[in-house]
Visitor: 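A single structure is presented below for examination.
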Amino acid sequence: MGKKIYVGNMGPKADQASLQALFSVFGKVEKAYIVTDRQTGQSKGFGFVEMSSDAEAQAAITALDGKNCGGYTVKVNEAKAKG
DNA sequence: GTTGAGCGTT
């Protein structure tokens with residue numbers, strides 16, 4: 001089963017496709033979701049990714065957490081909510 | 001804006 005990942009500080013440039021592309025390097029991305037303000041539609045700069053396996057997810061977390069991506073130091077961690 | 005959203009509920 002997949003594992004969910006929190007991805008923060010991505011900046012306004014990030015979208016669902018780029019998020020998925022980024023994590024696809026480490027495995028199959030089941031879902032990628034950018035959180036936006038529901039009322040304004042503006043990106044909150046963070047989102048979630050679900051990998052098809054926990055091993056892939058963990059590899060992605062380890063590789064990407066704290067990494068400068070597109071000018072932003074992204075924060076990547078296992079998601080805690082909405083499991 | 002370090003954790004999504006539905007639905008208005010346990």
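What you are looking at is a predicted structure, and each value in this text was computed from that prediction instead of being measured. Labels below follow one simple rule: chain letters A, B, ... track the order of the sequence lines, proteins then strands, and each chain is numbered from 1.
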Visitor: Using whole Å, what does the distance between atom P of nucleotide dT3(B) and atom CE of Met10(A) come to?
Guide: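 One finds 11 Å between P of dT3(B) and CE of Met10(A), rounded.
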Visitor: Strictly distance-based, threshold 3.5 Å: is any side-chain N or O of Asn68(A) a donor or acceptor partner for the main-chain N or O of Thr73(A)?
Guide: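 No; judged by distance alone, with no hydrogens or angles, the pair does not exist.
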Visitor: Taking atom P in both dT9(B) and dG4(B), what distance in whole Å separates the two?
Guide: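 The same atom, P, in both gives a distance of 16 Å.
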Visitor: Roughly how many Å is it from CD in Glu78(A) to P in dG4(B), rounded to a whole number?
Guide: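 So the CD-P distance, Glu78(A) to dG4(B), works out to 16 Å.
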Visitor: In the hydrophobic clustering (ILVMFWY, side-chain contacts below 4.5 Å, transitive), which residues join Val25(A), or is it alone?
Guide: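 Members alongside Val25(A): Ile5(A), Val7(A), Met10(A), Leu19(A), Leu22(A), Phe23(A), Phe26(A), Val29(A), Ile34(A), Val49(A), Met51(A), Ile61(A), Leu64(A), Val74(A), Val76(A).
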Visitor: Over all heavy atoms of both residues, which pair between Tyr72(A) and Pro12(A) is shortest? Give the atoms and the distance, please.
Guide: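 Smallest interatomic distance, heavy atoms only, reads OH-CD, 3.4 Å.
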Visitor: Measure across Ser43(A) and Gly11(A) and return the closest heavy-atom pair with its distance rounded to 0.1 Å.
Guide: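 Looks like OG-O, 4.4 Å.
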Visitor: When the distance from CD of Gln20(A) to P of dG4(B) is rounded to whole Å, what number comes out?
Guide: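 Distance, rounded to whole Å: 21 Å.
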Visitor: Any side-chain hydrogen bond (donor to acceptor under 3.5 Å, both in side chains) involving residues 15-31 of chain A? Give me the pairs, sequence neighbours left out, ordered by first then second residue.
Guide: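 Those involving residues 15-31 of chain A are Asp15(A)-Ser18(A), Gln16(A)-Gln20(A).
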Visitor: Quickly work out the Gln39(A) CD to dG4(B) P distance and round it to whole Å.
Guide: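 Result: 14 Å.
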Visitor: Could you check whether the rings of Phe46(A) and Tyr6(A) sit parallel, tilted or perpendicular, using 30° and 60° as the cut-offs?
Guide: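 Correct class here is tilted.
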Visitor: Does Asn9(A) reach a base, just sugar-phosphate, or nothing at all? Heavy atoms under 4.0 Å.
Guide: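 Nothing, no heavy atom under 4.0 Å.
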Visitor: Using a strict heavy-atom distance below 4.0 Å, which residues from residues 23-35 of chain A are in contact with DNA chain B?
Guide: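 Nucleic-acid contacts, sorted: Tyr33(A), Val35(A).
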Visitor: To the nearest 0.5 Å, what is the distance between CG (Asp37(A)) and NZ (Lys44(A))?
Guide: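 It comes to 5.5 Å.
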Visitor: Got a sec, which residues hit side-chain hydrogen bond (donor to acceptor under 3.5 Å, both in side chains) with Ser52(A), two or more places apart in sequence or on another chain?
Guide: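 Result, side-chain hydrogen bond (donor to acceptor under 3.5 Å, both in side chains) vs Ser52(A): Glu56(A).
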Visitor: Give the minimum heavy-atom separation between Glu50(A) and Gly2(A), together with the two atoms involved.
Guide: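 Scanning both residues completely, I find the closest heavy atoms to be OE2-CA, 3.6 Å.
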Visitor: Please list, by residue number, the residues of residues 40-50 of chain A whose heavy atoms come closer than 4.0 Å to an atom of DNA chain B; answer none if no residue qualifies.
Guide: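 Heavy-atom cutoff 4.0 Å gives Ser43(A), Lys44(A), Phe46(A), Phe48(A).
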Visitor: Please compare Thr36(A) and Tyr6(A) by the position of their nearest nucleotide in DNA chain B and report the one closer to 5'.
Guide: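 Here Tyr6(A) is the residue nearer the 5' end.
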Visitor: Residues two or more places apart in sequence or in another chain: which of them pass side-chain hydrogen bond (donor to acceptor under 3.5 Å, both in side chains) with Glu78(A)?
Guide: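 Once residues adjacent in sequence are excluded, Glu78(A) has no partner under the side-chain hydrogen bond (donor to acceptor under 3.5 Å, both in side chains) criterion.
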Visitor: May I ask you to list the residues of residues 53-76 of chain A, by number, that have any heavy atom positioned under 4.0 Å from an atom of DNA chain B?
Guide: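 Close to the strand are Lys75(A).
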Visitor: Check every atom of dG1(B), dG4(B), dT3(B) against the side chain of Lys80(A) and return the nucleotide holding the closest atom.
Guide: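 Side chain of Lys80(A) sits closest to dT3(B).
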